[in-house]
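We count ligands from 1, going down the list as the structure has it; atoms in each ligand are counted the same way. Since this is a predicted model, take the numbers as computed values, not measurements.
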Amino acid sequence: MSARPEDALSISRALATAKSNGVDRLDAQLMLAALLDRPRSWLIAHDDASLDQAQESAFEQWLTRRRDGEPLAYLLGEKEFHGLKLQVDPSVLVPRPETELLVDWGLRVLQGGPLKAAELRVIDLGTGSGAIALSIKHDCQAAAVTAVDASPTALAIAGRNSQSLNLPITLAPGNWWQAVPGQRFDLALANPPYIAPGDEHLEALRHEPQAALMAQDNGLADLECIIAGAPGHLAPGGWLLLEHGHDQATWVRQRLAGAGFTQVQTLRDLAGIERCTGGRALPATTSAFRVVFPAV
Ligand code: GLN
């Protein structure tokens, strides 16, 4: 046993320190599990074990950062999403549980419909850590998945996650559909920025990339851009599924209908909030009826 001074910080004292700093017990346990490289169950059975000096000072720094509101995922450098362990850093949004709803909807679309036969082309617009794109690829290996992001650092993280999880996807840098000129997809998913500038929630989210959270036009500018470009980038009968803010579902439904989408519908998240809205591009058979107005 390596000798440690009498006052070495034990796990139980570390947890008490976390509590007195106002840090959640589970968060503190996850920090200690990461620092000691042990499962959380081990910590519970060995609460008299000591941290070495490096672990102790790292723990203290993490407590300070966590108390300042930094997401635990940035301290640990990872976040679990849809059963995948994703690397994250402050250049990408921390993947949220409500976004798993969007992934599950996308998987139902892929597994359910007439899209099944063809090679499925899927696009995740604004991929960040790659959460949506990689979850779809993991559960639907037949799909050819493209992940778009305007941020090169975000795309590099998505690429690292793709490699470490052995889930090959295509990375496309650029703004929304501009990243994939001339390409069409059977399924497009996006969790774009949708918080209005000045919204009170932004303060609590200050450690995350504002460009991934905040959108102009009262939070609607990026949703608008994605919907406006979708008809030109979806295959006939293809689906567009969007995550949006708690008070944006009506606007998204109307905008999708206005852009010619059918089967427009909204799903609620676990908190009962209308969170994801999607619709289907016209199938090939009906597109023949579209009227093209001559230029005046
Ligand atoms: N749902 C996130 C939040 O409010 C925001 C994600 C986003 O803007 N796309 O914390």
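- Looking at E56 and R13, no side-chain N of the basic residue comes within less than 4.0 Å of a carboxylate O on the acidic one, giving no salt bridge.
- The stretch residues 14-59 participates, sequence neighbours left out, in these ring pair (Phe, Tyr, Trp, His ring centres under 6.0 Å) pairs: W42-H46.
- Classification of E60 and R65 as a salt-bridged pair fails, no side-chain N sitting under 4.0 Å from a carboxylate O.
- Taking every heavy atom of P192 and a limit of under 4.0 angstrom, the matching atoms of ligand 1 come to 7 (C), 8 (O), 9 (N).
- Contacts of M214 with ligand 1, taken as heavy-atom pairs under 4.0 Å, are absent altogether.
- Put simply, the side chain of D269 gets close to the backbone of G272: a donor and an acceptor are under 3.5 Å apart.
- The E98 neighbourhood of ligand 1 comprises atoms 1 (N), with distances under 4.0 Å to a heavy atom of that residue.
- The nearest protein atom to atom 5 (C) of ligand 1, hydrogens excluded, is given as Y194 OH, 3.6 Å; this is a heavy-atom distance.
- Aromatic ring orientation, W177 versus H233: parallel (interplanar angle below 30°, classes split at 30° and 60°).
- Side chain of R184 to main chain of L234: a donor-acceptor pair is present (N/O by atom type, distance under 3.5 Å, no hydrogens or angles).
- At a heavy-atom cutoff of 4.0 Å, ligand 1 is contacted by the side chain of R96 but not by its backbone.
- Of the protein's heavy atoms, I195 CD1, 3.9 Å lies nearest to atom 4 (O) of ligand 1.
- Taking a cut-off of under 4.0 Å to the non-hydrogen atoms of E243, the atoms of ligand 1 that pass are 1 (N).
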